[in-house]
Amino acid sequence: MKYDFQQIEKKWQTFWASNQTFKAHNKSEKPKFYILDMFPYPSGAGLHVGHPLGYIASDIIARYKRHQGFNVLHPQGYDSFGLPAEQYAIQSGQHPAKTTQANIKRYRKQLDRMGFSFDWTREVQTSDPKYYRWTQWIFLKLFNSYYNTSKDKAFPITELISDFEREGNHKVFAHCEKDTQLFEANEWNAFSEVEKEKILLKYRLTYLSKTQVNWCPALGTVLANDEIVNGVSERGGHPVIRKKMTQWSMRISAFANRLLEGLDQVNWPDSLKEMQRNWIGKSIGASIFFQIKDNKNKIEIFTTRPDTIFGVTYLILAPEHGLVKSITTPEKEKEVEDYIAKVSTKSERERQAEVKNISGVFTGGYAIHPFTKVKIPIWIGDYVLASYGTGAVMAVPSGDQRDFDFARHFKLQIINIFDGIDVSKKAYVEKGNIKLIHSSFLNGMNYKEAIQKIILELEENNYGKGAVHFKLRDAIFSRQRYWGEPIPIYFKSEVPYPISEKNLPLELPDVEKYLPTPDGKPPLGNAKNWAWDEVNEKVVPNNQINHKTIFPIELNTMPGWAGSSWYFNRYMDTSNHKQFVGDEAINYWKEVDFYMGGNEHATGHLLYSRFWQKVLFDLGYLKVDEYAKKLVNQGMILGNSAFVYRKKGTQKFLSKGLIKDYEVEPIHVDVSLVNSSNQLDINKVRSWQKDFKNAKFILEDGKYIVGREVEKMSKSKHNVVNPDEICDTYGGDTLRMYEMFLGPIEQDKPWNTAGISGVHNFLKKFWKLFYQEDHFLVNDQVASAESLKVVHQTIKKVTEDIERLSFNTCVSSFMICINELTALKCSNREVLEPLLVLLSPFAPHFAEELWMRIGNSNSIAFEPFPKFDPSKLEEKVKEYPVSFNGRMRFTIKLSLELTIEQIKEEVMNEEKTLSQLSGSLPKKIIVVPGKIINIVT
RNA sequence: GCUCGAGUGGUGGAAUUGGUAGACACGUUGGACUUAAAAUCCAAUGACCAUUGAGGUCGUGCGGGUUCAAGUCCCGCCUCGAGUACCA
């Protein structure tokens with residue numbers, strides 16, 4: 001009987017599917033365990049071996065927890081809205097829904113081959129109207145909420161409206177835009193509906209506003225900050241420019257502090273928490289008001305170093321600052337306008353490239369220093385960002401390097417305020433224990449003392465106050481794309497109104513063209529049926545739009561992160577058509593116990609989803625405000641790219657050893673054309689791509705050796721390895737175990753098939769304990785103490801290692817175990833049965849098959865996990881190494897049952913030997929029970 | 001620049017709380033079986049010195065330190081990776 005993995009794996013995959021073995025129930029006597037993977041985006045390229053890494057690890061945990069008696073929820077689905085499907089639609093005209101379904105089908109087929117224990121009855125697809133109905137519903141909840149800053153909680157906007165009606169907005173504690181006007185209750189009540197709605201938009205948690213956005217002309221859409229890397233778009237690497245546009249945003253900034261503090265409650269990797277902390281970017285300092293000379297306005301600045309206020313020699317505003325116009329003197333007007341025009345056309349990338357170029361312009365205006373009353377010039381400079389703090393800075397050239405450089409460049413005054421520090425060459429930016437000088441009442445104080453004192457003085461004199469600022473900015477929520485969730489909003493008098501909950505989902509309309517319209521409207525501008533009939537509450541053709549009852553619907557769609565910001569809650573109750581998640585389900589499952597996924601989502605999905613969770617928690621729909629108790633980042637599996645080297649300007653390709661004397665360009669070749677010793681199969685290359693058909697290959701030692709480089713796995717780099725190939729040759733169980741064996745789960749590692757035979761051999765060896773040829777070996781005889789020891793050692797090690805997520809050492813332990821049992825020729829049921837259960841999370845098909853063959857009729861999946869029995873393990877006598885004077889070593893045999901005193905005595909009995917070895921007697925003996933004994937003379 | 005990681009044989013990696021560094025696997029070499037190959041099994045495999053039998057020295061990026069004992073802890077560097085960047 002051979003180990004026929006093909007037949008075995010197919011058989012059990014069918015069995016699990018038809019029996020719904022892994023269906024999770026929302027009611028159970030067992031304790032619950034919710035283990036979640038980050039669901040994939042179903043791309044046209046299919047899965048590569050990197051995708052399943054995290055899924056395998058989480059599946060091992062899921063299966064392990066089932067063995068331990070937990071009611072396990074382990075769902076899977078698809079994040080199926082997104083740009084590639086839309087771009088494919090633009091090229092081919094095929095509806096994205098169609099290509100997406102084809103991709104999903106393929107993904108499912110690939111996933112099934114690896115024996116995952118997903119509960120597929122709970123599958124979600126974010127592009128399914130049954131799902132995005134609730135994404136839209138959550139959007140409306142955000143639209144209809146505001147952030148109450150005194151209670152630090154989101155509330156329905158109706159409460160804010162009643163506050164306004166009662167007392168205006170003077171006393172209201174609500175997170176809103178900076179330049180919101182003040183009004184009394186009677187004024188509010190007198191406002192028109194349009195005026196009211198415009199004011200409310202400044203408070204809603206999702207709002208429409210005209211803001212500076214990151215516009216990517218190549219993609220034809222705006223992007224959020226986390227979608228831009230090094231000034232270019234994350235997808236495609238296209239340039240991004242700043243542009244003022246009317247856009248939907250999410251008021252995540254209101255939650256900055258809670259998002260920061262929540263990190264202390266969750267068991268997430270420190271590096272990931274640190275990334276989120278940096279992204280949120282809390283700074284503690286003060287805001288200070290500077291009176292403008294000959295102007296009734298004040299400039300508010302934010303600084304983390306209010307202690308340096310006596311070093312201020314000028315103020316500097318962002319070019320976009322609201323007061324620029326009123327400060328600029330007539331003589332300077334032209335210069336300032338030119339400067340602003342120049343700055344605003346720069347792309348993000350150009351701006352970054354010009355960091356070292358100091359630029360700015362004097363407005364001609366002055367401000368008054370609050371303490372010295374000296375007049376200080378007001379400048380404009382693009383090193384001040386409008387989007388951070390107040391968009392205005394007090395410049396302290398002696399204490400800040402950028403201010404110093406700027407002052408030097410424009411020959412502005414520099415006041416040294418640090419005792420004994422030379423600031424003629426560079427600013428003093430450290431926060432050392434240096435005393436302040438030229439600083440009036442702060443003279444003689446150090447940094448800490450001065451900050452306390454100055455904030456007191458600022459508040460006492462009403463010049464300013466202690467303040468906290470965050471880097472985290474509101475997230476742009478609209479995208480000018482087709483393949484996303486429609487935003488359930490229509491426009492009446494240019495004011496947005498929600499389409500009520502009961503009319504959801506607002507289904508994505510069909511369009512003929514997926515590109516933006518010629519007049520620059522998003523693709524939904526091509527839809528013919530995209531108007532809202534307010535009376536009949538339904539979508540009607542655009543040509544019926546009138547000014548009374550039928551209005552245009554929002555043309556933008558939601559960004560990719562909308563659907564993924566709450567899917568973990570939907571899995572709890574996918575069949576619920578009345579709520580996004582039912583009370584019973586949420587009370588039972590509450591939160592994710594274990595979340596496995598890549599850390600590339602640190603400042604995107606993992607931040608947005610925490611934000612939505614907090615909103616829905618505040619509004620009373622959820623039980624916890626952090627949805628993932630524990631999170632683990634699996635590392636990325638990288639590709640091992642192969643290169644051939646073309647001699648410049650020729651069709652000659654040089655083997656790697658020959659390239660150093662020539663000018664060559666490396667060209668990717670497919671990794672499947674290369675063997676394990678980096679030798680290229682030249683015949684295959686010739687038929688692989690026509691560029692190589694007539695190429696000349698210059699060999700070394702009769703071979704063509706390729707160059708190798710580790711890179712991200714991608715189709716364009718020809719370094720993708722398809723898991724199907726591995727499943728064909730070795731089987732899904734081998735793939736699972738090999739991916740775990742590659743190294744620590746959290747580490748990045750290049751894919752290398754070289755070691756896979758070791759793992760496959762392990763399964764074959766294991767099989768041989770059951771079958772020798774066709775002879776069934778398993779017997780009911782009593783197992784030897786030795787073999788029981790091996791088993792219990794393995795049980796102990798594997799259990800501990802699963803708990804600490806060290807799956808690679810689990811696989812090693814299995815290998816040691818089977819090697820030893822093979823040597824012992826042990827085929828006792830007593831030994832093999834617990835081992836199968838132990839192995840079942842790792843190689844589930846294999847374990848199920850042999851479980852059945854030794855006479856069990858039930859699935860192994862719910863068998864209790866074997867318990868470690870220490871009595872099977874203990875040896876009576878163990879050898880201990882003894883080091884002597886830190887140099888010589890010998891071993892002594894000691895019984896484990898001895899006390900420390902008895903061990904010491906035993907060692908002293910060795911005195912004779914010791915003195916023979918060293919010529920002196922030991923003075924001190926260090927004994928660590930169960931470990932090592934050390935003697936010092 | 002700032003923040004966070006990581007550096008161990010030819011390779012991937014073990015060493016969980018400071019306690020015999022290199023488990024396990026790949027690769028390599030030799031052997032058994034075979035007409036041969038594959039498959040399978042056995043043995044050797046950190047470096048250097050020595051070898052009849054042993055044995056010895058060095059060794060976890062570099063330089064110091066703490067300790068009877070350091071891959072592990074402390075101080076100072078070097079290199080690589082990730083994130084972030086006019087954030088006031």
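Throughout, a chain's letter reflects where its sequence line sits, starting with A, and its residues are numbered from 1.
Atom NZ in Lys712(A) sits roughly 12 Å away from atom C1' in A82(B) (whole-Å rounding). When the P atom of G81(B) is taken as reference, atom CD of Glu709(A) falls 11 Å away, rounded to whole Å. Between the CG atom of Asn633(A) and the P atom of C4(B) there is a distance of 17 Å, given to the nearest Å. Distance, Phe741(A) CZ to G12(B) C1': 8 Å, rounded to whole Å. In this entry the distance linking CD of Glu746(A) with P of A82(B) reads 18 Å, nearest Å. Counting to the nearest Å, the C1' atom of A88(B) and the NZ atom of Lys282(A) are 18 Å from each other. Here A82(B) presents its C1' atom at 16 Å from NE2 of His601(A), a figure rounded to the nearest Å. Whole-Å rounding puts the Asp270(A) CG to C4(B) C1' distance at 9 Å.
G9(B) has its base syn relative to the sugar, with a glycosidic angle deviating from 0 by at most 90°.
Using a 4.0 Å heavy-atom criterion, one finds that Pro750(A) contacts no nucleic acid atom at all. Residue contacts for Asn752(A): at a heavy-atom cut-off of 4.0 Å it reaches no nucleic acid atom on any strand shown.
With the nearest nucleotide of RNA chain B identified for both Asn278(A) and Asn599(A), Asn278(A) has the one nearer the 5' end. Nearest-nucleotide mapping onto RNA chain B: of Gly391(A) and Gly755(A), the residue sitting toward the 5' end is Gly755(A).
Look at the P atom in both A23(B) and G10(B): the space between them is 14 Å, to the nearest Å. Across the P atoms, G55(B) and A21(B) are found 16 Å apart, a figure rounded to whole Å. Look at the C1' atom in both C42(B) and A47(B): the space between them is 26 Å, to the nearest Å. C58(B) and A69(B) are spaced 15 Å apart, taking the P atom of each and rounding to whole Å. Taking atom P on both U20(B) and C73(B), the two are 16 Å apart, rounded to the nearest angstrom. Across the P atoms, U72(B) and U17(B) are found 14 Å apart, a figure rounded to whole Å. Spacing between U16(B) and A6(B) at atom P, rounded to whole Å, works out to 14 Å. Taking the P atom of each, C86(B) and G81(B) are spaced 22 Å apart, rounded to whole Å.
Closest to the side chain of Val393(A), from the set A88(B), A14(B), U84(B), is A88(B). In the set A88(B), C24(B), G83(B), the nucleotide with an atom closest to the side chain of Met815(A) is C24(B). Here the side chain of Arg804(A) is nearest to one of U16(B), G13(B), G83(B), namely U16(B).
Look at Gln747(A) and you'll find a side-chain N or O under 4.0 angstrom from OP1 or OP2 of G13(B). Look at Asn808(A) and you'll find a side-chain N or O under 4.0 angstrom from OP1 or OP2 of A14(B). Close to G13(B), at under 4.0 Å from its OP1 or OP2, lies no side-chain N or O of Ser812(A). In this model, the phosphate group of A25(B) is approached by a side-chain N or O of Asn819(A) to a distance below 4.0 Å at OP1 or OP2. Regarding contacts with the backbone of C2(B), every side-chain N or O of Arg277(A) stays at 4.0 angstrom or more from both OP1 and OP2. A sub-4.0 Å separation between OP1 or OP2 of A88(B) and a side-chain N or O of Tyr383(A) is absent.
Summarising the base pairing, C48(B) is matched to G56(B) through a Watson-Crick or G-U wobble pair whose two defining distances lie under 3.5 Å. When both pairing distances are held under 3.5 Å, U40(B) makes a Watson-Crick or G-U pair with A32(B). Across all strands shown, U11(B) pairs with A25(B); the Watson-Crick or G-U wobble distances both stay below 3.5 Å. For A69(B), there is no paired base (Watson-Crick or G-U wobble, both distances below 3.5 Å). Remark: A6(B) base-pairs with U79(B). Criterion, Watson-Crick or G-U wobble with two distances under 3.5 Å. Pair assignment for A85(B) gives none, since no Watson-Crick or G-U wobble pairing has each distance under 3.5 Å.
Qualifying side-chain contact (heavy atoms from CB on, under 4.5 Å) partners for Gln747(A), counting only residues two or more places apart in sequence or in other chains: Pro744(A). Among residues two or more places apart in sequence or in another chain, the salt bridge (Lys or Arg N to Asp or Glu O under 4.0 Å) test is passed with Glu800(A) by Lys796(A).
Proximity of a side-chain donor or acceptor of Tyr314(A) to a complementary backbone N or O of Asp403(A) within less than 3.5 Å is detected. A donor-acceptor pair under 3.5 Å is absent between the side-chain atoms of Asn640(A) and the main chain of Val710(A), judged by distance alone.
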Using a 4.0 Å heavy-atom cut-off to protein, can you give one letter per nucleotide of nucleotides 37-43 of chain B, 5' to 3': B if the base is in contact, S if only the sugar-phosphate is, - if neither?
---SS--
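Aromatic pair Tyr730(A)/Tyr738(A): centroids not less than 6.0 angstrom apart.
Atoms CH2 and CG, from Trp279(A) and Leu606(A) in turn, are 13.0 Å apart once rounded to the nearest 0.5 Å. Going from atom CD1 of Ile454(A) over to atom CD1 of Ile288(A) covers 6.5 Å, rounded to the nearest 0.5 Å. Interatomic distance, Asp307(A) CG to Ile451(A) CD1, rounded to the nearest 0.5 Å: 4.5 Å.
Within a 6.0 Å radius of NZ in Lys712(A), other residues, nucleotides and ligands contribute 12 heavy atoms or fewer.
Checked options Phe762(A), Trp767(A), Phe770(A); the residue passing with Tyr3(A) is Trp767(A) (criterion: ring pair (Phe, Tyr, Trp, His ring centres under 6.0 Å)).
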